[in-house]
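Since the structure is predicted, the reported quantities are computational estimates derived from the model, not experimental observations. Heads up: numbering here begins at 1 and tracks the sequence.
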Amino acid sequence: MKGHIALQILSFTFLSSASNSVGIEYPPCGTLSTFTIQNSPAEAEGDVDFAFRLSTGFDDYTSLCSGQWRGVQTDWQECDENTEHSSVMFRGTASGYLDVTHRYLCKRQGESTESNEIALGIANGTVILDFPQGDSITFNAYISLAHRKPNMACADASQHPEWVVESFSYGTGYLITPGGPGPGGPTGVIASVGFNLLNKANGFSIQCSANWLSGTMDHNNDTLIDPNKDWPCPNPYGSDLIPVDDYPTSSFRFDKAKRLLTLHQQWECNDSSKR
């Protein structure tokens, strides 16, 4: 299913959204931590030839991980304890190394808006498995951050979608040319508008803004931000960890004279509606 909607909001007064993190304690985001694994083949069950118990130094994750290796390069395999907030995959290499990747949700420090403070952390580490059964080893986990991927199982929620706009602002100011040869002083008016947008159907939040320099000196000109121009909202954080096509496309128009903010957003759902 593909959602495609235009939303109009008729007021400059917007309410803040409820935090997505209510009732959940997310670990702080960082850039470096550790994985610890214990060689534990005795815990393995079924058709497996190696097993280990993994714990992390950043979100209190712990799980048994087991699978087939047999001395060759393996596909990525999942550990036992995976949730929507924290999951681990691993693979073995033909040269005896173990690759571990952990995807988890974390809280950005110093983020000004609640809808943007929860990020996707991706921790990667590699270690050689050459230690005895029962022993443990700790190795580095290198962490990259990305915006959370939108929830693609959103068909039902998209039947009657909801948005939240928060931290809306509009302002103007003079552009001042520096002194030196030629005249200095105001040369025009800069107008800016910005807000945070949350799509509750897929959990996607984005920051939208526009700036425009006008040659007019009139602060009260209602067309400083062109009301007929579509202003795109860029993908958040410039993350290259998530394919661009997985993000919704968002744009807006702002008509100050009519006190009208028009939003346009298109997104995809990969499930079927039960309604």
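With rounding to the nearest 0.5 Å, the separation of CH2 in Trp163 from CG in Leu263 is 8.5 Å. For the atom pair CZ of Arg53 and OG of Ser66, the computed distance is 10.0 Å after rounding to the nearest 0.5 Å.
Of all heavy-atom pairs spanning Glu78 and Phe90, the tightest one is O-CE2, 3.7 Å. For the residue pair Asn82 and Ser87, the shortest heavy atom distance occurs at OD1-CA, 3.1 Å. The two atoms that bring Ala51 and Asn39 nearest to each other are O-OD1, 3.6 Å, heavy atoms only. Nearest heavy-atom pair across Met89 and Trp76 is CE-CB, 3.4 Å. For the residue pair Gly125 and Phe139, the shortest heavy atom distance occurs at C-CE1, 3.8 Å. The two residues Asp271 and Ala155 come nearest to each other via the heavy atoms OD1-N, 3.0 Å.
The closest side-chain heavy-atom distance from Val100 to Val88 is below 4.5 Å. Residues Phe252 and Leu261 have side chains in contact (heavy-atom distance under 4.5 Å, counting atoms from C-beta outward). Residues Leu197 and Cys233 form no side-chain contact, since every pair of their non-hydrogen atoms from C-beta on lies 4.5 Å or further apart. Within the 4.5 Å cutoff, no side-chain heavy atoms of Ile137 are placed close to those of Phe35. Looking at Tyr61 and Leu54, their side chains come closer than 4.5 Å, going by heavy atoms from C-beta outward. The side-chain heavy atoms of Asn221 and Val189, taken from C-beta on, include no pair separated by under 4.5 Å. Between Asp60 and Pro27 the shortest side-chain heavy-atom distance does not fall below 4.5 Å.
Defined by atom type and a distance below 3.5 Å, a donor-acceptor pair is present between the side-chain atoms of Ser158 and Trp267.
Of the possible donor and acceptor atoms, none in the side chain of Trp69 sits under 3.5 Å from a partner among the backbone N and O of Arg91. No side-chain donor-acceptor contact under 3.5 Å links Asn140 to the backbone of Tyr142. Proximity of a side-chain donor or acceptor of Ser63 to a complementary backbone N or O of Asp80 within less than 3.5 Å is detected. Judged by distance alone, with hydrogens and angles left aside, the side-chain atoms of Asp255 form no donor-acceptor pair with the main-chain N or O of Pro227 at under 3.5 Å.
Ring geometry, Phe254 versus Tyr170: the interplanar angle falls from 30° to 60°, so the pair is classed tilted.
Among His102, Glu81, Arg103, the one residue that satisfies the side-chain contact (heavy atoms from CB on, under 4.5 Å) test with Ser86 is His102.
Applying the side chain to side chain contact (heavy atoms under 4.5 Å, CB included) test to Ser251 and every residue at least two apart in sequence or in another chain returns His264.
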